[in-house]
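Report on the structure given below.
Values below: every heavy atom of this structure, side chains too, minus hydrogens, waters and symmetry copies. What you see is a predicted model; the values in this text were computed from it and never measured. Order of appearance sets the numbers: ligands from 1, and atoms from 1 within every ligand.
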Amino acid sequence: MKKHFLYLLLILAVLAGCQQPKEILQNQDSIRLNQIGYYPQSVKQFLLIDSVAVGFEIINQSGQSVFKSQLADNGLWDLSGEQVMMGDFSSLQQPGTYTILVDNHLESYPFEIKEDLYQDPLNAAIKSYYFQRASMPIEETYGGIHHRKAGHADTACSFHPSTGHKTGKLNTSGGWYDAGDYGKYVGNAALSTGQMLLLLEQFPDIIADNTLNIPESGNNIGDLFDELKYELDWLLTMQDNDGGVFFKVTAKGFSDFVMPEDYDLERFIIGKGTASTLDFAAVMAQAARVYKKVNPDFSKQALVAAKKAWQWALVNNNIPFTNPKGISTGEYGDDHFSDDFYWAAAELFISTQDQQYFNYLATHPEPYIHEQTNSWKFFVRNNGFHSLLENSDLLDETFKNKLTEQHIQLADSILTLISNNPYRIGADRFEWGSNSDVLNQAVILCMAHRLTGNKKYLSGAEQINDYILGKNATGYCFLTGFGSKKVMFPHHRPSGADNITAPIPGFVVGGPNNDRQDASQIEYISIFPAKSYMDLTESYASNEVCLNWNAPAVYVMGYLQQTR
Ligand code: G3I
Ligand code: 9MR
């Protein structure tokens, strides 16, 4: 009897010691990961936020645990106010669909490990430019549910006095809308197109004909060439007879949230200044080179236009733009031109090999830096550097070595920032369009990989891209149409006015903005800098879309597709 009692106690003790299976919580928001996934060869990290945990597993679709490891403490991120732990499963390379299971009870959104990871998001990010086309309908064959009528013919726009009191009308049809608004702004158009031209210069075959299903698909020219040409053709219309380039095409103010076809404000040609003219010169010189084989006539035309613009800017070298009285659309104000001169001289030198442009570069060096915020103002300088590095065989040894060394130094400093940051990104401030600041650092890292072949730069670029696609302090995948926690309400007039629940896919939204200029209209749930983001149509300061925010995403995903 006594013996039986002891046995019973023993059995009870064993049972009590057995762990009851814990309930698995779909508390996905506390696990931050790239919601699209990872290439087999990539560094693979995720973050666990404000939770104490020890270990994690990776679970495949059959429910089997295929990888186990421990979490590391990355510390507090003062910009998000969060305690951050990190898991790394880089050595798991088997393609498949998985979830992360933390301490056997917190499960993540699903993600994939696969080759060609970014093909679909890359195509969508490029196609978003097609959806931004002014002056033509988006037909159902190409636009699917997001088809719409044409808007903004822009065939006869009056000159605003700020263009130099010109009379008559200008046909400035075509081009892409800049952003969530329907304006067309030369400087931002040039920067964005230039960033994507670099990708085409590096990998001309990256987007084959018939990839994007756009109207030009099937013309035997790669679809990215076609899409960028839609914008370049419009840019050409913005050059005045004397070579100077007008600043923008907009109405006096922003329209309501209406579809393009319902827009009824009069549009004007506004401003003419040094920055718009030089950025035009730069992108046209770049296009002249990149389109030389696919469209020789256009290439010649672009080069003539570029040289003419440069000549105008040499004479009119200090004409800033600010919104004239009565105009309240986007300002893109810029009164500092040495970087724009540098970019233009760089592209003109590479395309012409005319020594006068090299002399300009040699005697007007620019600081080799990446200025965060306002990439439309500052990143033109980096565009110039990148084109020079890409064509460094044209440079003399000393110039080439110095530029290369400076680029590597800049890239290494970004890697250091990444490894010291709990979220593993390089950006340390969050202003209007912060996602593009984050991404532009990845552009710099890709370029460093191109120069050295060192994979550490690719890994850095990937960690940054992870941030954009979900491993960030908001938990959103910032590319519309992708990820599990999706952006649904971008500040984008067609997406807001089309009565379709899903926004148009392929847009990178601006992202966290610590200045919250729209705070009088909406309530931010967190005012930590890295969390100052709201997925609300009204949030123009954190949730708009814009040409120059998508362009670095296109570049980085394109570069990774070609090198992973
Ligand atoms: O850098 C200063 C910062 O030091 C200061 O503390 C802060 C205080 O508010 O302002 C910061 O400057 C802001 C700047 O963005 C950089 O973040 C300006 O206030 C802010 O007005 C400026 O916003 C610009 C915005 O237009 C409004 O003009 C954005 O850079 C620019 O990307 C955005 O561009 C618009 C176009 O005008 C129109 N089309 C859409 C596009 C995207 O929103
Ligand atoms: O809707 C506008 C957006 O497209 C612009 O990029 C942004 C930049 O200034 O401005 C938005 O318009 C806002 C305006 O600036 C201030 N009042 C509220 C407007 C949005 O509802």
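Residue contact check: C546 has heavy atoms under 4.0 Å from atoms 41 (C), 42 (C) of ligand 1. Residue-ligand proximity, Y185 to ligand 1, at heavy-atom distances under 4.0 Å covers atoms 38 (C). For ligand 1, the atoms lying closer than 4.0 Å to a non-hydrogen atom of D515 are 6 (O), 7 (C), 8 (C), 9 (O), 10 (O), 11 (C). Atoms of ligand 1 found under 4.0 Å from any heavy atom of A179, numbered from 1 in the order shown, are 39 (N), 40 (C). Which parts of ligand 1 touch G330 is read off a 4.0 Å heavy-atom cut-off, strictly below it: atoms 36 (C), 37 (O), 38 (C). Set against the non-hydrogen atoms of Q517, the atoms of ligand 1 under 4.0 Å away are 9 (O), 13 (C), 18 (C), 19 (O), 20 (C).
The shortest N or O to N or O distance between R429 and ligand 1 is not below 3.5 Å. The shortest N/O to N/O separation between E544 and ligand 1 falls below 3.5 Å. Residue-to-ligand polar distances keep W549 apart from ligand 1: every N/O pair is separated by 3.5 Å or more.
Of the protein's non-hydrogen atoms, the one nearest atom 2 (C) of ligand 1 is E431 OE1, 3.6 Å. Taking atom 28 (O) of ligand 1 as the reference point, the nearest protein heavy-atom neighbour is E331 N, 4.7 Å. Closest protein heavy atom to atom 31 (C) of ligand 1: W376 NE1, 3.6 Å. The nearest protein atom to atom 41 (C) of ligand 1, hydrogens excluded, is given as Y332 OH, 3.4 Å; this is a heavy-atom distance. In this structure, the protein non-hydrogen atom closest to atom 27 (C) of ligand 1 is W432 CH2, 3.8 Å. Protein heavy atom in closest approach to atom 14 (C) of ligand 1: N374 OD1, 3.6 Å.
Of the charged side-chain nitrogens involved, at least one lies within less than 4.0 Å of a carboxylate oxygen, so that R267 and D154 count as a salt-bridged pair. Using a cutoff of 4.0 Å between basic side-chain nitrogens and carboxylate oxygens, R133 and E216 are scored as salt-bridged.
Taking all atoms of both residues into account, the shortest heavy-atom contact from V487 to P503 is O-CG, 3.5 Å. Between D340 and A275, the shortest heavy-atom contact is OD2-CB, 4.1 Å. Taking each heavy atom of M238 and T172 in turn, the nearest pair found is SD-OG1, 3.4 Å. For the residue pair G175 and E231, the shortest heavy atom distance occurs at CA-OE1, 3.2 Å.
Between H152 and Y182, the ring planes lie tilted relative to each other; the angle falls in the 30° to 60° range. Ring geometry, Y129 versus W176: the interplanar angle falls from 30° to 60°, so the pair is classed tilted. Note: Y467 and Y423 have perpendicular aromatic rings, judged against thresholds of 30 and 60 degrees for the angle between ring planes. A perpendicular orientation is assigned to the rings of F430 and W77, their planes being inclined by more than 60° (bins at 30° and 60°).
Atom CE of residue M196 and atom CG of residue L199 lie 9.0 Å apart, to the nearest 0.5 angstrom. With values rounded to the nearest 0.5 angstrom, I414 atom CD1 is found 4.0 Å from I444 atom CD1.
Within the 4.5 Å cutoff, side-chain heavy atoms of Y524 are placed close to those of S542.
In Y540, neither the side chain nor the backbone holds a heavy atom less than 4.0 Å from any atom of ligand 1.
Residues F378 and H336 place their aromatic rings such that the two centres sit no closer than 6.0 Å.
The residues lining ligand 2, counting any heavy atom closer than 4.0 Å, are D181, F254, W432, H491, R493, Q521, Y540, E544.
Assignment of G183 to the shell around ligand 1 is not supported, since no heavy atom sits closer than 4.0 Å.
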